[in-house]
Structures are given as C-alpha cells and as structure tokens.
Amino acid sequence: MEYKKLVELYQRIEGTSKRLEKTFLVSEFLKDTDIDDIPKITLLLQGKVFPPFDERKLGVASRMVIKSLNKSLGISSDAIEKEWKETGDLGLTAESLAKRKKQVTLFSQTITVSKVVSNLRKLAGLEGVGTVNQKVALISELLTSASPIEARYIVRTVLEDLRVGIGEGVLRDAMVWAFFDDSIHINYDPEKKAINPENRELYNAYTDAVQEAFDILNDFSEVAKIAKTSGLKGLKSIGLSVGKPVKVMLYQKVKDVAEAFERVGKPAAFEYKYDGFRVQVHKDKKGISVFTRRLDDVTSQFPEVVEYVGKQVRGASFILDAECVGYNPETKKYLPFQSISQRIKRKYDIDDMAKRFPVEVNVFDILSFEGASLIKRPFSERRKMIEDIVTPAPFRIVPAKQIVTDDPAKAQKFYEEALAAGEEGMMAKKLDGIYKPGSRVGYGVKVKPVMESLDLVIVAAEWGEGKRSGWLTSFTLACYDPDSGSFLEMGKVGTGMKEKVELGVSFEQLTELLKPVITKEKGRNVWVKPMVVVEVNFEEIQKSPTYSSGYALRFPRVIRIRDDRSPEECSDLSLVEDMYSHQRGR
Ligand code: AMP
C-alpha cells in the first residue's frame, strides 16, 4: 500500500474530535486494507512499528531527525531548529520546510507503507557509536522521497509522537465495525455521528471478544489478523502463551473494609498490599523471564528473581503474578518502592545492585500451569495452586500473606497489621473471581488509608528562579483520555519535591528526565512530550474551566515517579470523573 493513503487517513482523523467519526474512518480503511498490510497498518495507526511487548525500541532523538532533515532537504540545522522552537512539532516543521525545500529532488518515488516500516525497524537494530550515520541515512532516505505531508507523519512516527489521536478504544471498535459489520450491521449515521446496531447484544459480544483478545495478546496487529481471518471463533480461542506477557489485572480502590466486602462478597480473601513493583514471571522449557507491569522484559535486571523462581517453584511451565519488595539486606527492613525502582532500568553493575537492593518476591496470582490456562478458574483455586507449588523462603520468595474471612473485625485487624508492618494497605479479593487481564472489573479491590492519589503525566513545566534556576520546578499534569488518545490537563504542581534527591522525588531528577523531551520553549515555560508519569496525592478534585480535562486538583503533591507506568497507563479521565463523583460528601 502507498504510504500516501495512510497519510490521508491520518489527516482526516486529525481533523475531527468525534470518537465515532474517527472509528468510522478507521474501520472503512481497515475494510479496504489487504490482509498482508493489516498488521503494519494497525501498528502505524498507533504511531508504532513494533508491538508494545517487543524489546526493540526506535530510540531516535530530535537531534537525529534534525540531522536527517538537514541531509535530505539541504537546510541548515540552525534554521530547522529555529522553526521547530516556534511550532513545537518537528513533524510540522519538516512539512513546512519540505514545501520550501532548496534541493530540487522532487518526490520522484512513491513511498510504501512497507518501506516506512522496514526502514524504521532497521533503526532499532543499530546501536552504539558509529551507527549515527546509518540511522540518519535510513531516515533521510524516507524524507527525500516524501511529499511534505508525508514528511510530517514520518517525522512524528520516528519520534514516537504521532499526535493523531487514535486511542485503544477507537481501534478496538473500528475492528469490530470493519470485520463484523456483515453480521451486526452497525448502521453508522454520518450526519448524527451515531450508530444503531441491529443487535446490541451481539455487537457487545464482538466488542468484548476483541478487547479480551487484545488484553491477552497485547498487540492489535495480531488481533486484527485473527479477527479478519478466523472471526469470533478465532478470537475466542486465543490462549495465553508462556513467554509472552499478558496485560495484568487491575484493582479499584475502596475506602474501608465494609465497602470491600460489598464489592467482593463474603467471605473474601485479604492480602497485604506490598509496596513494591509488580512482576509477571514466565517459565517454560526455554527458561524464566521477568516482565514489569508495562510488559518490559527485565529478566537480566533481576537475576535473583530468576534464581528464586527456579529453585522454589515447582513446575515446568507457568505464569505468576507477583510483587517484588525491596529490603535492607543488613537490617532486613522492607524499603519503599523508590529504593529499588532504580534497578528496573539498570543496564550495568547488576549483580552489585542485586546485593545492595535485594527483593523478596510475593506471589499473589497464577495465570497458567503446565500448559493449562487458569484465568477462568476461581481465585481460591489459583491461590491453592500457589501454595502448592511455591516453597516459601522468607526474603526470597513467598506466597502473599493472606487470610480468608467473612468477619469485618478480623479483616480490620489484618488491615491494621498490614499498615503496622509498613505496607501500603490491603487487597480484598473475590474468592470465585476470575483473572481478567487488563481490566478494573472489581474481582479484587484495594484498601488504602492515604489521601487520594492519581498517576498523572507531565506535559509542561516552568524553569525555576533564584537558587532553583537550572531546574524545572512547576509541572503541568494531565490525565489520559483513551477515546481521543490525548492527554488532558488538570493543573500544576510544585510541591512534594526536594531540591536534590535522597529518597523521594527531586527537581533535579525530574529536570533530568524532562530536559531531553522538551518540544517547545517560551520564556520560562516549556512543553514536553508526555512521557514522565508521577503519582500525585491531593486533597480533593474540583471542577475547573481552566484546564482541558475540566478538573483540577486541590493541594497536589508529587509523591513518586512511576517509571513502571507508560503515559497511556496513567489515570484516565473516567477514573478522575469517577473519583470526583464519589468524593466524600458528594
Ligand atoms: P495500585 O498500584 O495502587 O493500583 O495498586 C495495585 C497494585 O498493588 C498492583 O498492581 C500490585 O503491583 C500491587 N500489589 C501489592 N500487593 C498485592 C497483592 N497482594 N495482590 C495484588 N496486587 C498487589
């Protein structure tokens, strides 16, 4: 397929904010797309060339794109940079420069979707010194043949910042409309921008099937292929596959024990809510792999986890869900998450780090065992399996501490014990609940005492003054809107951080993270690519006309950097709305 066709779609989608219209445009496009192109198109629609669990990353910085533009257009880097500072979007800059380009190469060649994907994928394979020129050559090869509008989207895709606004929800629905319209007749009305499916129930069943397939495979390109070739039956038969991470199950927050029982029934299982980071551990005959909740492979960063699972867990093949908690090797005191978070991205001195900041693995769920999926089995059965196969070894690997009770007093006592032990709170789990990858459906809930908190992404900041100059000190926070795939502002935060890092969050740390992703500057204000997620405590959510989300936070405080969360995984608008309407007294 010609890249031009996809670019036309991008433009039409960028031109509307209506979710159903976007869905319609994407679905019509998918209907017309050849099966061989479907995987590439679904990835590119999300601004990606690799599925999310793929280890390979493009890792191209703005600097390199400027070099490539310089090479392909023959315009000086200074001129490119100047224009970029004004637009804040290197894609738009590429487009307008290409329109005025000096060299007369005219876009002689048509670019295909395959060519774009192939060149970008090659980028990920090039690492280390001496590869810069090869990378620049790959990017400028595309830019040289690109029309101005194609250049806009090539640059944005290279920078992994497509800005078209196709969220997960839109893509999922578009697939349902594209591949199953014959049986469900969605009846889209372009005038009213509304649908009227003949059979709502069937429509919902297809939507659920596509969503469930996505939660397991984590890859829309794969889901699309299956949906198009083997329909509902194919989607339903998708199973877990050991070695390939699955989206983790999420838990909603409740305020106390009474509400916990209300949500998960009586009796219920109660567990400590450990303050660590979540891992999904896979074992099969190829070996043991450890993934974060963002599904990044961190096997090599946590050699001791591999060792404990290998020695203390019986079975040749399984998938475990667990929380790793750091502790001080001398005092054996448990440590807050921040102290071990540095291990997640660490590439060197791994063994030394493992000795200084060891973790204990607390196993709280199991998704498959010896080739059989357990996600549709009741939680009580899965828990029994954990007890059966994990030989507990404190400070190495243990089943999560648990009681089963229908007595609120006992649950309350357990909760207080958890807090006294320095844990974050407790989890309450429905005994017959299934494991639902990727959803907050309420088979388990968390009880936490702290103020409300949200995980928000930083989208802008301000340079500090006086002794804080050189640091970014005030941060604009945003939540995620999965419908539009965009980030909506909810106010600024400047407290909760220290100047230099000890434990906790510092201006210095945030400045280091944000500086490379600045997209635009004006006076003291900077705008950044939404990448850094922070957990923010606050007293209350208020309605606010000032911010694009329609909400603002009262007394926000940054409490930690959530480098285990991707921007799309930060709190979404519906959660904010939900919290707002459930606030005490409302
Ligand atoms: P939150 O991050 O506040 O949404 O809380 C949910 C997280 O708590 C999970 O993603 C786990 O990382 C963590 N967690 C700690 N202990 C448990 C447990 N016993 N069961 C489930 N999740 C737990």
Side-chain angles (χ1 to χ4, degrees), residues 9 19-46 48 51-53 166-189 194-250 295 319 367-368 371-378 432-443 482-483:
L9 176 67
R19 177 186 167 137
L20 287 179
E21 191 173 349
K22 288 185 188 187
T23 310
F24 178 70
L25 292 170
V26 176
S27 71
E28 289 297 295
F29 193 84
L30 289 177
K31 276 185 193 166
D32 276 348
T33 304
D34 217 50
I35 180 78
D36 295 337
D37 281 327
I38 289 256
K40 277 171 259 166
I41 294 294
T42 33
L43 285 172
L44 287 173
L45 281 172
Q46 301 166 87
K48 297 184 173 133
F53 55 81
I166 305 175
E168 233 174 77
V170 167
L171 204 48
R172 178 200 60 207
D173 293 350
M175 285 191 192
V176 175
W177 298 16
F179 305 135
F180 305 117
D181 196 21
D182 289 348
S183 39
I184 47 181
H185 306 287
I186 51 131
N187 294 321
Y188 174 70
D189 179 344
I195 56 165
N196 185 18
E198 266 175 33
N199 184 340
R200 253 296 154 193
E201 231 168 84
L202 196 57
Y203 176 71
N204 292 343
Y206 276 107
T207 310
D208 289 349
V210 172
Q211 181 70 48
E212 277 174 26
F214 177 62
D215 289 338
I216 291 178
L217 292 174
N218 246 300
D219 178 2
F220 269 127
S221 62
E222 194 69 19
V223 177
K225 229 170 36 195
I226 296 169
K228 182 146 178 155
T229 50
S230 23
L232 191 60
K233 220 166 136 218
L235 291 174
K236 291 258 184 209
S237 66
I238 292 170
L240 298 177
S241 126
V242 181
K244 224 171 153 190
V246 190
K247 276 202 186 175
V248 296
M249 181 160 76
L250 304 170
L295 314 180
I319 304 175
L367 283 67
S368 82
S373 167
L374 301 174
I375 60 176
K376 296 276 158 74
R377 311 299 310 164
D432 57 1
I434 60 168
Y435 191 100
K436 202 134 199 265
S439 89
R440 257 179 217 276
V441 275
Y443 297 113
D483 283 351

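These figures come from a predicted structure and were not determined experimentally.
Residues Thr42 and Met175 have side chains in contact (heavy-atom distance under 4.5 Å, counting atoms from C-beta outward). Counting heavy atoms from C-beta outward, Ile216 and Ile375 have side chains that approach closer than 4.5 Å. Here the side chains of Phe179 and Val210 are not in contact, with every heavy-atom distance at 4.5 Å or above. Side-chain contact between Asp189 and Asn196 is absent, with no heavy-atom pair separated by less than 4.5 Å. Here the side chains of Arg172 and Phe214 are not in contact, with every heavy-atom distance at 4.5 Å or above. No side-chain heavy atom of Leu45 sits less than 4.5 Å from a side-chain heavy atom of Val170. Counting heavy atoms from C-beta outward, Lys225 and Ile35 have side chains that approach closer than 4.5 Å.
Partner Trp177 forms a side chain to side chain donor-acceptor pair (under 3.5 Å) with one of Tyr203, Tyr188, Tyr206 and no other, that one being Tyr203.
Legend: residues meeting side chain to side chain donor-acceptor pair (under 3.5 Å) with Asp483, ordered by chain and number and at least two apart, are Arg19. For Lys31, the side chain to side chain contact (heavy atoms under 4.5 Å, CB included) partners at least two apart in sequence or on another chain are Glu28, Ala178, Asp181.
Rounding to the nearest 0.5 Å places OG of Ser368 at 13.5 Å from CZ of Arg377. To the nearest 0.5 Å, atoms CZ (Phe220) and CG (Leu43) are separated by 11.0 Å. Here the straight-line distance linking atom CG of Leu25 with atom CG of Leu20 works out to 11.0 Å at 0.5 Å rounding. One distance of note links OG of Ser221 with CD of Gln46; it measures 8.0 Å at 0.5 Å rounding. The line from OG1 of Thr207 to CG of Leu202 is 9.5 Å long, rounded to the nearest 0.5 Å. Within the model, atoms CG of Asn204 and CG of Asn199 stand 9.0 Å from one another, a figure rounded to the nearest 0.5 Å.
The two residues Val26 and Ala174 come nearest to each other via the heavy atoms CG1-CB, 3.6 Å. Minimum interatomic distance between Ile38 and Lys228 (heavy atoms only, all atoms of both residues): CD1-CD, 4.0 Å.
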Output, in order, the C-alpha distance, side-chain angles, deciding distance and verdict of side chain to side chain contact (heavy atoms under 4.5 Å, CB included) for Ile184 and Val176.
-> CA-CA 9 Å; Ile184 47 181; Val176 175; 3.7 Å; yes
How far apart are the C-alpha atoms of Ile195 and Thr23, what are their side-chain angles, what is the distance that settles it, and do they pass the side chain to side chain contact (heavy atoms under 4.5 Å, CB included) test? CA-CA 11 Å; Ile195 56 165; Thr23 310; over 6 Å; no
Give every donor-acceptor pair under 3.5 Å between a side-chain atom in residues 232-250 and any protein atom, sequence neighbours left out.
from: Ser237; atom 1: OG; to: Lys233; atom 2: O; distance (Å): 3.3
from: Ser237; atom 1: OG; to: Gly234; atom 2: O; distance (Å): 2.9
from: Lys247; atom 1: NZ; to: Glu168; atom 2: OE1; distance (Å): 3.2

